[in-house]
Amino acid sequence: MTATETATATATATATATATTTATATETVTPEPERDIPGDGVFVVGVDIEPGTYRTSGPADSALPNCYWARLSSTTGEFDDIIANGNVQGPTTVTIAPSDAAFQTDGCEAWTETG
């Protein structure tokens with residue numbers, strides 16, 4: 001008598017891998033301080049404006065012939081914050097120091113940096 005064994009093995013392997021990666025880069029851009037002072041307001045030195053010498057042609061409104069400016073040591077609004085100020089009726093030039101905290105202007109034409 002003869003014995004015969006037959007073995008059959010079948011293996012099927014299927015692997016599917018799907019990977020999706022999405023990268024989003026966000027860049028924060030800090031604007032450079034302005035070289036000119038556009039009009040009324042309190043402008044923080046080094047953030048809104050650069051230190052330097054600025055000139056205005058004077059009052060923006062002929063009906064209110066005064067142009068007020070102030071160099072400030074702080075922005076608290078206290079009277080003691082004023083380093084120097086003026087209330088002019090014509091062209092004027094002001095030098096804003098790097099140590100000034102802010103510059104305030106009211107009723108003036110735009111200030112242009114001269115150097």
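Counting from 1, the numbers follow the sequence of the chain as shown. Quick caveat: nothing in here was measured; it's all calculated off a predicted structure.
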**Q.** Heavy-atom side-chain contact between Val88 and Thr56 under 4.5 Å
**A.** no
Q) Going from OG on Ser73 to CG on Asp80, what distance comes out if it is rounded to the nearest 0.5 angstrom? A) 8.0 Å
Q | Separation between CZ of Phe43 and CD1 of Ile37, rounded to the nearest 0.5 Å | A | 6.5 Å
**Q.** Nearest heavy-atom neighbours spanning Ala97 and Arg71
**A.** CB-NH2, 3.9 Å
Q | Donor on one side chain, acceptor on other, Thr105 and Trp111, under 3.5 Å | A | yes
Q. If you measure from CD on Gln89 to CG on Leu64, what distance do you get to the nearest 0.5 Å?
A. 11.5 Å
Q: Identify the residue among Pro59, Pro91, Ser57 that makes a side-chain contact (heavy atoms from CB on, under 4.5 Å) with Cys67.
A: Pro59
**Q.** Thr114 side chain to Thr53 backbone, donor-acceptor under 3.5 Å
**A.** yes
Q: Return the minimal non-hydrogen interatomic distance between Ala60 and Glu109, and the atom names on each side.
A: CA-OE2, 3.5 Å
Q) Below 4.5 Å, heavy atoms only, C-beta onward: do Val45 and Glu50 meet side chain to side chain? A) no
Q: State the SG-CG distance between Cys108 and Asp40, to the nearest 0.5 angstrom.
A: 7.0 Å
(Q) Other members of the hydrophobic cluster containing Val42, with the 4.5 Å side-chain heavy-atom rule, please. (A) Tyr68, Leu72, Phe79, Ile82
Q: Compute whether any side-chain donor of one residue and acceptor of the other, for Thr112 and Arg55, lie under 3.5 angstrom apart.
A: no
Q.
Quick one: does any side-chain atom of Asp36 pair with a main-chain N or O of Glu113 as donor and acceptor, under 3.5 Å?
A. yes
Q) Atom OG1 of Thr75 and atom CZ of Phe103: how far apart are they, to the nearest 0.5 Å? A) 15.0 Å
(Q) Any side-chain to backbone donor/acceptor pair from Asp81 onto Thr76? Under 3.5 Å, distance only. (A) yes
Q. What heavy-atom pair brings Ala101 and Ser74 nearest, and what distance separates the two atoms?
A. CB-N, 3.6 Å
**Q.** From Ile49 atom CD1 to Asp100 atom CG, the distance as rounded to the nearest 0.5 Å
**A.** 8.5 Å
